[in-house]
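Residues: numbered from 1 along the sequence shown.
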Amino acid sequence: MDQTQRSVAAAANSRTYQFHPARAAITDLFNLYLGVRNSRQKADDSVREPPNKTQKRVLALNRELPPRNEQFLLDFEQLQTQFGVSLSHSDQDQLQSVTESVLISLVIQCCSHAPRAEFLLFALRSLCSIGYVNWDTFLPSLLSSVASAEGPVSQGSQGVPSVSSSVSQSGMMPSTSVIANASNFQSANAASTLTSVHVIGSPAQSTIEPSSGATLSPVKLSDIACNGQPSTTRMDSSIRDNAISNLRQLCCKMILTGLECNLKPVTQAEIFHHMLNWLVNWDQRQHGNEECDGKSWRLEKALIEWLHCCLDVIWLLVEEDKCRVPFYELLRSGLQFIENIPDDEALFTLILEIHRRRDMMAMHMQMLDQHLHCPTFGTHRILSQTTPNVSVEGVANLRYSPITYPSVLGEPLHGEDLAASIQRGSLDWERALRCIRHAIRSTPSPDWWKRVLVVAPFYRGSVPTPGAVFTCDMICEATIDRIVELLKLTNSEINCWQEWLVFSDIFFFLMKSGCIDFVDFIDKLGSRLSASDHHILNTNHVTWLLAQIIRVEHVMTALNTDSRKVETTRKILSFHREDRSSDPNNPQSILLDFISSCQNLRIWSLNTSTRDYLNNEQLQKGKQIDEWWRQVSKGERMMDYMSMDDKSIGMFWVVSYTMAQPACETVMNWLSSGGVTELLPGANVQPNERFMVMREVSPLPISLLSGFSMNLYLKLVFQMEESLFAGQVVPSIAMVETYTRLLLIAPHSLFRSHFSHLAQRNASLLSKPAVTLLVLEIVNYRLLPLYRYQGKCKPLMYDVTKIISALKGKRGDHRVFRLAENLCINLILSLRDFFSVKREGKGPTEFTETLNRITIITLAITIKTRGIADADHLLYLQTMLEQILATSQHRWSEKTLCYFPSILRDLLMTRTDKRGLAIQEWQQSETTVINQCTQLLSSSTEPNYVMTYLNRSFPQHRQYLCAGAWILMQGHPENINSGNLARVLREFSPEEVTSNIYTMVDVLLHHIHIELQHGHSLQDLLLKTCANLAFFVWTHELIPLDILLLALIDRDDDPHACISLLDRQELQQRVKLYCMNRGPPEHWLYTGIFKRSDLQNALGNHLSWKERYPTFFDDIVARLLPVIPLVVYRLIENDAIESADRMLGMYSLFLAYHPLRFTFVRDILAYFYGHLPGKLTVRILNVLDLSKIPFSESFPQHISSSNPAICPPPEYFATLLLALVNNVIPPLNSNSRTGSMGDASNNSVRGPHNKTPATPQSGPANASEGQKAFYQIQDPGTYTQLVLETAVIEILSLPISASQIVSSLVQIVVNIQPTLIQSSNGLHGASSGAVQGSVLPTSPSGGSTDSAGRSTPSVSGINTSSFVSRSGYTCQQLSCLFIQACGLLLAQLPPEFHLQLYMEASRIIKESWWLTDGKRSLSELDSAVSYALLDPTWASQDNTSTAIVTSHKNG
């Protein structure tokens, strides 16, 4: 039922209750007992002569007293009998609703009249005793009516935030029937201004009862709510507030009565929400008038009374024995954070209890914090009461979900002030450093850094950063730790140059962002290096690192104007070491040899006061650089970068630090050295339009670019952008490729969001179609993974949507539109968390029909494979679907919907299929359309008729142009005038072309059904259809292929829609040609000359018509990269397994160009988990470059096993978890697993977590040979994510059930701890136990002899000594990290695994000795549970952190 229908129904119900024949009698009965004259008595009084004062006194003395309360029930039952004799069951329910409506009206009118209020309570209890009150309808109606009555009074303070925004996050969602009731009530009370407060409403009713008569109470309903207008002339604000207090108090008393019965959970939730809202806004006065002294005490007394009644209700709701509402809802409500707490002991007691329970929860959650190694800074996830209206994007960006990998980095803290209070050396400090150290090693997204960093106080003054997490001191210490770590690796003869390059990018980013105080950093770095082993600084890597940042503004200021500049400079110079490389011609050795000279020269140019401290020898060494440069450049600043030897590469790297501008000019000269040529005009282009294009050269190899200084990077990017986007000559592909390689090399330091960046540089740039095309090509075919890594896909999607919205109705502008649409398809499919379809969050989407459909598919994949991270997203989902479907006519097939997640499927199942209506419209227009098409497409038609058709045809007929042409073909495309058809389609707007494609597909499928009924052969019909479509797509290239394919697969519920254009030889030949011309998929490794495709050959006639600007990477075939995976999805949904297998095999080489193919494999395995045969699973895996994926050694054997029912051995699952421990989970100490032990001063304050010397892990699951750059693992983005997602892919590919997998994993983490400890004791004897005891404190339960002697199970088939040595941890540490790794892995898997986990955890908990052994003392149980939950690392040594801790962590 839509909103209009609900409004009509509400109005009808309201009139039904208002004019019900029993209403007047029920009202009169209540009025009799309330002592209120009815309407007929008032009418008689109105015609009498007004009495004088004496008569008034006589009337008052002689007035009849109300009957005794005990008589009310008898009178009501008699009235009920009078009206209920001939009533049906539904009429009796209606009579009951009328009674409730009258009672609610009287409650609002008589709330401030104490005797009448008491009678109403009595009457309610009496009616309840005979079962005549339905509490589950009465109480929500009462609360909604109260809110409506209070609403007009609060118009002056509508900006006051309510608790509804916070309460909505509790996850306690009202049912659909209750929401409908809310709509009914609101339609009858449109004046209410508290619609945001009450979610659950009442049956439709009128707030003012016309038959109830006037009331003699001090507060009349008309004074509180008179048709939605405040009555400021009849009462002052104090009396009004007093009336509201009395109304709330009476309401609470009735609720307390209702709570004696068994209310529905949704009713209890509604009561809870209203009570919280009242408490949060307890001090909101409706007007700002000052209260007089004589009335203030009465007002205060009334307010305190309803506060106490409200608290009584809340205490009953959260009563643990009844468990009506979990106390956890109070923790989430934010009640304890209200700004103005009243001076009331009862409310303070509740707030104190919330804090106490919150602290208790935080104490127990320290177990999770210990596993995740993130600080326990009491994060408040709920929105602040001062920000009730936050978009879904804002909510999503507050914190990462706990089940995502970024949260493993310890992301969620509560602001700078709280972070700054953490003392150096404390456990929280060490946990924070673990996060940062791990982040520096694993290079997470810069988006993560921006969430957690804080600008150093020296650079920003005293204003705190509320969203910051880690202080600058923490960042500084972790950065120094990483430098020391890399120095140790370098000294151990390990080639870690790539690690230094990656770290320099992050280091530059942190320094430029102002997150590190440079002077303080140099001071601490000098102290650290001098305090450590003197041999640690043997190379010039530190000098090289500082040379990268020496031109940063903060650094230059420190070296120029800071009072400590001399001391800082001397410390910088002290880091210099003479190069001792065994290979003097190695480029890295040459750079490190000359880097001190570069640094000295830079400092010499900065400040004259520090020149005395410079090394003259190094200054003189700079002359060698100048001499080499003069010899090589020969004054022309031109170099052949493709023929440079290692020595020349090293020297040019040095030049990039001393003479960045000349080096920049030589690079630009090389890229333009091929000269320019004129682009010949096409047949449809004016001959006076001239385009000059750069001839192609080889792009600079990435091995050369990686050694450039950061200063040269910045200069090159600036100069290239000037040439690419503002130049007069079309750039070469080599320049574009080199530009993208620079951005991929330094993703932290060089990234820019292109649309906003170019708009800031020159607002007019993006108004040029050529610039827009180039930006779209660069992003779509080169930088899409980079944008995802940066977390900028959503902003980019909004920017591209603006382009699409502006062009979709514009005639003839197809090329930019289709490229932008294809990019938007890629962007939407790349999103794997919840997103708002509109930046503003309101109104229908600006998407096209195609994008709307893609968005629904993406939602289904995201919810099913990643889950919903936040309860708020559930609340937004309905709105999001309404925005998407408002402009979409599509209905998904049953086969597609059956794979959708249930929450999405339930919302879409009710959607009406409008294809029948569309076919009817076609049939009505068919005659006209065929006549028009006959005239337009006849071979004898004049070309001028095209404009006549465009100007005179109706839009509703133009959408059938392709369908009419298809009908006229009759399997013979040569029968129509293809030239006229092509010209008309080009002159159409892109939106009209899209509509033509979707309509044509519907019509041709309908036509096939008609022809089959006439006895034609299905095979012949399909052959003719394929021939016609090939005419559209290949012969004359009239319509875009990607949109046609999407239109066909969206009609998969039609058995004849299986028209596979992907099997056509024309397409396969085009794909082969594309792969040959485009070079390898890893474009950044290609050193040859790129070949530019002809514009028409690349894009076809439809897109290239009247276009002259050449393509760079765009191609009609490349547009299929996001489409083919969707085709595979649809084939699997329709059980066409063989076709899906053939399609993947046919296009596996082509899919190597897919920018996110790893994500595609992971998601399709998760989406169809349990429905994929083994053969297809292997085919899906072969889409990947298996040699570059860190699969387990035995994984190929398990997926190709002849007996798939056999579960892999525990050793296999343990190896998976060990890979996560070694590569994904933050280390327990400051040293990497491949580094040396280091000093113990940086370890936890509880004692050093000493690790055994690490040995390389055997097999492909080992850590990477070295840290990989971003461009090497663009999908998923980091090596840690690659390892985690690879483990997910392995689990999803195993041919066994989810229950077997979960059982194996849980058994390992439950039993690995005693197994490891027993193995350790057996290997090392008693001495090992002594050392172990010295490392970890003994928990109270550790002294129990029963605990020590208790037998523990073990995991058979696991070589424990091998695992311990390969991890580098002690047995206790490794067992706890296994628990974390298991929980993290299971959290990434589909819901089937979560259900099995809950079942397995429940079984283990029930079998735990803590629950089954009744002989244990209470103190021992408390000790064991507390220590196991507080810190499993401590408890691991005495076997108290096995079953319960595991199930807590994994659950």
Side-chain angles (χ1 to χ4, degrees), residues 769 773 776-777 780-781 800 803-804 807-829 847-854 890 958-959 961-963 965-966 973 978 981-1002 1004 1026 1028-1051 1059-1062 1064 1066-1067 1070-1071 1074 1093-1107 1111 1113-1127 1150:
L773 280 171
L776 291 174
E777 283 202 40
N780 197 32
Y781 299 113
V800 178
I803 299 175
I804 293 173
L807 294 179
K808 65 181 180 180
K810 186 178 179 182
R811 280 191 174 187
D813 212 341
H814 296 280
R815 181 182 175 186
V816 175
F817 175 86
R818 291 301 172 190
L819 180 56
E821 187 178 47
N822 192 260
L823 171 58
C824 211
I825 291 174
N826 276 314
L827 287 171
I828 294 172
L829 291 173
F847 290 164
T848 62
E849 172 70 15
T850 302
L851 295 179
N852 281 325
R853 299 184 185 188
I854 295 293
H890 187 58
R958 286 202 297 269
Q959 68 174 326
L961 173 62
C962 287
W966 188 88
S978 58
L981 179 59
R983 185 177 176 190
V984 172
L985 289 174
R986 292 172 192 144
E987 293 291 347
F988 275 179
S989 68
E991 193 173 31
E992 287 179 309
V993 174
T994 301
S995 177
N996 260 272
I997 294 173
Y998 284 110
T999 305
M1000 181 183 69
V1001 168
D1002 287 342
L1004 71 86
C1026 286
N1028 288 354
L1029 293 179
F1031 167 83
F1032 275 102
V1033 175
W1034 298 121
T1035 307
H1036 293 283
E1037 299 170 332
L1038 302 175
I1039 56 178
L1041 174 61
D1042 53 338
I1043 306 301
L1044 177 59
L1045 285 174
L1046 291 172
L1048 284 171
I1049 65 174
D1050 277 340
R1051 291 306 184 213
I1059 305 166
S1060 179
L1061 295 178
L1062 295 177
R1064 300 280 300 188
E1066 298 97 327
L1067 177 58
R1070 285 291 300 269
V1071 169
Y1074 174 85
S1093 299
D1094 178 74
L1095 177 61
Q1096 184 173 349
N1097 291 337
L1099 299 182
N1101 293 326
H1102 179 68
L1103 296 179
S1104 64
W1105 185 62
K1106 285 188 177 180
E1107 292 283 344
T1111 61
F1113 315 112
D1114 197 12
D1115 193 285
I1116 192 68
V1117 173
R1119 305 279 182 92
L1120 299 181
L1121 284 171
V1123 176
I1124 291 179
L1126 294 178
V1127 175
F1150 174 62

Contact check, side chains of Leu1029 and Trp1034, non-hydrogen atoms, under 4.5 Å
no
Do Val993 and His1102 have side chains that get closer than 4.5 Å, going by heavy atoms?
yes
Output yes when a side-chain donor or acceptor of Asp813 lies under 3.5 Å from a complementary backbone atom of Leu807, and no otherwise.
no
From Ile1049 CD1 over to Leu1061 CG, what is the distance, rounded to the nearest 0.5 angstrom?
11.5 Å
Could you state the interatomic distance from CD1 (Ile1124) to CZ (Phe1150), rounded to the nearest 0.5 Å?
5.0 Å
Would you find a donor on one side and an acceptor on the other, under 3.5 Å apart, between the side chain of Arg818 and the backbone of Pro990?
yes
To the nearest 0.5 Å, what is the distance between CD (Glu1037) and CD (Gln1096)?
6.5 Å
Could you tell me if the side chain of Arg1051 sits less than 4.5 Å from the side chain of Asp1002, heavy atoms only?
yes
Exercise: identify the closest heavy-atom pair between Arg815 and Arg1119
O-NH2, 4.4 Å
Go through Leu1044 and Phe1032 one step at a time and tell me if the side chain to side chain contact (heavy atoms under 4.5 Å, CB included) criterion holds.
CA-CA 10 Å; Leu1044 177 59; Phe1032 275 102; 5.5 Å; no
What class does the angle between the rings of His1036 and Phe1031 fall in, given that below 30° is parallel, 30 to 60° is tilted and above 60° is perpendicular?
perpendicular
Should Asp1114 and Leu1103 count as side-chain neighbours, where that means a heavy-atom distance under 4.5 Å?
no
Taking every heavy atom of Leu1041 against every heavy atom of Ile1116, the minimum-distance pair comes out as N-CD1, 4.4 Å
Mind listing the closest non-hydrogen atom pair of Tyr998 and Arg853 along with its distance?
CE2-NH1, 2.9 Å
Check Arg1070 with Asp1115, please: is the shortest side-chain N to carboxylate O separation under 4.0 Å?
yes
If I compare all heavy atoms of Ile1039 with all of Cys962, which pair ends up nearest, and what's the gap?
CG2-SG, 4.4 Å
From CG (Asn826) to CG (Asn780), nearest 0.5 Å
5.0 Å
Per side chain to side chain contact (heavy atoms under 4.5 Å, CB included), Thr994 is matched among Thr848, Thr850, Leu1046 by Thr850
Are side-chain heavy atoms of Leu819 and Tyr781 found at a separation under 4.5 Å?
yes
Which heavy-atom pair separates Ala1098 from Ser1093 by the least distance, and what is that distance?
CB-CB, 4.1 Å
Are any non-hydrogen side-chain atoms of Leu1121 and Asn822 less than 4.5 angstrom apart?
no
How long is the span from the CD1 atom in Ile1043 to the CG atom in Leu1048, to the nearest 0.5 Å?
11.5 Å
To the nearest 0.5 angstrom, please state how far the CG atom of Leu1004 sits from the CG atom of Asn1028.
8.5 Å
Note, Asn1101 side chain near Arg986 side chain (heavy atom, < 4.5 Å):
yes
Donor-acceptor pair, distance only, cut-off 3.5 Å: does the side chain of Ser1104 make one with the backbone of Gly1100?
yes
Minimum-distance pair of heavy atoms, taken over all atoms of Lys808 and Phe817
CB-CE1, 3.4 Å
Apply side chain to side chain contact (heavy atoms under 4.5 Å, CB included) to Ser995 and Glu849, showing your working.
CA-CA 8 Å; Ser995 177; Glu849 172 70 15; over 6 Å; no
Side chain proximity check, Ile997 to Pro1040, heavy atoms < 4.5 angstrom
yes
Of the options Val800, Leu827, Ile825, which is the one that meets Leu851 in a side chain to side chain contact (heavy atoms under 4.5 Å, CB included)?
Ile825
